[in-house]
Amino acid sequence: MSLTDRLNEMGDLPDIPRAAYSNFGAREIRNEWIAAAEPEEQVAAMVVWFKARYQDPAHETPYMSSEGGYIWIHGGPYDASEEIQARFEEFVPFEVMEAAAEHVVGEDGIWEWAPTQLTYYDEEQDLIVEDKDLPLQKLQERLDGLLAVLELQGDAEAVDMARGLAYAGVISALETFLWETMAYWVGHDKQTVQNLISEHPDFKERNIKLGNIFELYESLGVQVKSHMQRLAWHRWDEAAKFIKHGLGIELPSFRIFEEPTKKRHDVIHRSGHDVDGNPIHITIEEVRALAGEVQRFAEELHRLIDQAKMPPEDRLEGDF
């Protein structure tokens with residue numbers, strides 16, 4: 001009897017032990033475990049791995065009949081057999097991988113798959129922040145380093161370029177501060193993750209099959225981290241929405257950074273020229289003024305977060 005026939009006869013795939021995972025939230029399978037497992041267990045593990053990373057495109061992929069079908073804005077379409085082989089071919093026989101691919105296709109009737117949040121998630125690119133005050137401290141260090149660039153002497157053209165790069169770096173420092181701040185709270189505060197899942201449109205409006213609810217629950221933190229890795233933090237409206245929903249605070253206005261962000265775009269992506277090709281000259285005063293605005297904004301945001309996260313019994317009357 002073939003493996004596929006045995007699986008059909010079994011009905012349900014065997015349960016996978018917790019020891020099979022190197023990262024349970026991300027449904028990442030240990031190579032040593034799957035290499036030594038029985039074929040039925042290998043299939044079950046590969047199905048779990050695949051379904052954590054790929055989904056029916058009907059869930060989140062735009063469909064336009066005038067364009068001939070789905071618009072794969074998040075990547076894809078992905079083929080189950082190709083993706084399973086790319087991950088497991090060093091550890092699992094070909095016929096077992098094919099049985100796993102046949103199972104996911106046969107179970108859902110889907111040949112072309114869209115990515116889930118986990119497909120975007122890269123653990124090596126994750127930010128680990130262990131102290132809530134560290135993002136503000138590191139921001140100050142980065143701003144001090146950028147302001148030190150203003151003291152450089154030399155060729156006038158090189159000095160002008162250095163000022164432009166320092167100006168752009170101030171905006172980048174603010175982006176990093178925002179990401180690091182949210183990385184701390186997502187990593188250390190379950191309520192922040194719960195708020196995002198419950199309130200942020202990118203999470204709360206997803207269609208979820210009831211049968212997947214427990215697997216999704218276990219990976220909520222990873223899905224939020226994946227979202228943060230893909231978030232363009234200099235899109236201030238998106239950053240503000242993410243922070244507001246996660247921490248439940250009203251942020252200071254990002255409006256003062258809209259024009260500097262456009263100028264930063266020209267410095268970085270147009271080699272220091274505007275859309276009409278005119279050179280952009282950044283003064284020392286502009287860099288210092290922008291650094292000051294970023295510092296004040298970050299300190300105010302940090303204060304608001306501390307106030308929101310303060311235990312009620314520790315609040316002063318003026319904190320309400």
Side-chain angles (χ1 to χ4, degrees), residues 25 117 120-121 125-143 169-206 216-217 219-262 264 289-320:
Q117 290 280 343
Y120 307 120
Y121 178 64
Q125 298 298 318
D126 225 354
L127 287 180
I128 306 298
V129 182
E130 297 295 348
D131 185 334
K132 71 179 181 62
D133 297 324
L134 187 61
L136 188 61
Q137 296 170 10
K138 292 176 71 173
L139 173 67
Q140 183 60 67
E141 293 171 3
R142 291 173 181 132
L143 292 178
V170 172
I171 294 295
S172 297
L174 175 57
E175 292 182 87
T176 304
F177 165 76
L178 298 175
W179 187 3
E180 288 177 339
T181 296
M182 289 306 295
Y184 172 81
W185 289 106
V186 167
H188 293 81
D189 182 42
K190 290 183 179 180
Q191 187 62 51
T192 298
V193 176
Q194 181 177 324
N195 290 347
L196 286 164
I197 297 298
S198 301
E199 301 296 334
H200 196 287
D202 286 358
F203 297 107
K204 74 174 185 178
E205 295 174 2
R206 290 185 191 174
L216 288 169
Y217 176 79
S219 67
L220 291 180
V222 172
Q223 293 190 51
V224 171
K225 291 177 182 179
S226 172
H227 184 94
M228 289 196 295
Q229 288 182 358
R230 296 186 297 114
L231 181 60
W233 292 91
H234 62 269
R235 293 182 178 174
W236 307 124
D237 56 337
E238 292 297 320
K241 181 169 63 176
F242 189 81
I243 296 170
K244 177 181 178 179
H245 286 312
L247 301 179
I249 62 172
E250 290 293 335
L251 279 71
S253 175
F254 279 101
R255 187 170 300 172
I256 55 174
F257 302 120
E258 290 178 357
E259 284 304 315
T261 302
K262 292 177 183 177
R264 176 243 198 194
L290 181 59
E293 293 290 356
V294 166
Q295 183 70 40
R296 285 188 287 274
F297 178 94
E299 289 175 352
E300 176 63 9
L301 177 57
H302 187 75
R303 184 190 68 80
L304 290 171
I305 295 172
D306 274 353
Q307 178 178 309
K309 295 297 182 181
M310 184 186 301
E313 63 271 16
D314 293 337
R315 293 178 188 265
L316 298 176
E317 185 176 346
D319 289 330
F320 289 91

Inset, instruction - Might you point out which heavy atoms bring L231 and A239 nearest each other, and give the distance in Å? - result: CD2-CA, 4.4 Å
Legend entry - Atom of H302, atom of K132 and distance for their closest heavy-atom approach: CE1-O, 3.4 Å
Inset, instruction - Measure the CG-CD1 distance between L196 and I243 for me, rounded to the nearest 0.5 Å. - result: 10.0 Å
Inset, instruction - Report the relative orientation of the aromatic rings in W233 and W179; use parallel for angles under 30°, tilted for 30 to 60°, perpendicular for over 60°. - result: parallel
Legend entry - Under 3.5 Å side-chain donor-acceptor pair for E299 and Q295: yes
Legend entry - Pi-cation contact, W185 with K309 (under 6.0 Å, within 45°): yes
Legend entry - Flag side-chain contact, heavy atom, 4.5 Å: H245 against P201: yes
Legend entry - F177 side, atom CZ; T181 side, atom OG1 - distance, nearest 0.5 Å: 3.5 Å
Inset, instruction - Quick one: closest heavy-atom pair of A173 and L143, and the distance? - result: CB-CD2, 4.3 Å
Inset, instruction - Taking salt bridge (Lys or Arg N to Asp or Glu O under 4.0 Å) as the test, write out the residues that go with E258, two or more places apart. - result: none
Legend entry - D306 vs R303 side-chain heavy atoms within contact, under 4.5 Å: no
Legend entry - Partner set under side chain to side chain donor-acceptor pair (under 3.5 Å) for S172, not counting sequence neighbours: R264
Legend entry - Residues forming a salt bridge (Lys or Arg N to Asp or Glu O under 4.0 Å) with R235, sequence neighbours excluded: none
Inset, instruction - Report yes or no: do N195 and Q191 form a side-chain donor-acceptor pair below 3.5 Å? - result: yes
Legend entry - Straight-line distance of D237 CG to K244 NZ, nearest 0.5 Å: 12.5 Å
Legend entry - Residues in side chain to side chain contact (heavy atoms under 4.5 Å, CB included) contact with T176, at least two apart in sequence or another chain: R142, E180
Legend entry - Any donor-acceptor pair under 3.5 Å from H188 side chain to Y184 backbone: yes
Inset, instruction - Please round to the nearest 0.5 Å and tell me the distance separating atom CG of L301 and atom CZ of R296. - result: 15.0 Å
Legend entry - Contacts of type side chain to side chain donor-acceptor pair (under 3.5 Å), residue E259, not counting sequence neighbours: K262
Legend entry - Shortest non-hydrogen contact between L139 and L174, atoms and distance: CD1-N, 4.3 Å
Legend entry - With sequence neighbours excluded, residues passing salt bridge (Lys or Arg N to Asp or Glu O under 4.0 Å) with E199: none
Legend entry - Nearest heavy-atom neighbours spanning E175 and H234: OE1-ND1, 2.9 Å
Legend entry - Gap separating the CD1 atom of I256 from the OG1 atom of T261, nearest 0.5 angstrom: 10.0 Å
Legend entry - Parallel, tilted or perpendicular, as decided by the 30° and 60° cut-offs, for the rings of W236 and F257: tilted
Inset, instruction - Please step through salt bridge (charged side-chain N to carboxylate O under 4.0 Å, His left out) for the pair E238 and K241, ending with a clear verdict. - result: CA-CA 5 Å; E238 292 297 320; K241 181 169 63 176; 3.5 Å; yes
Inset, instruction - Decide yes or no for T192 and M182: does some side-chain heavy atom of the first lie under 4.5 Å from some side-chain heavy atom of the second? - result: yes
Inset, instruction - Taking all non-hydrogen atoms of both residues into account, name the closest pair between P252 and E300 and its distance. - result: CG-CG, 3.6 Å
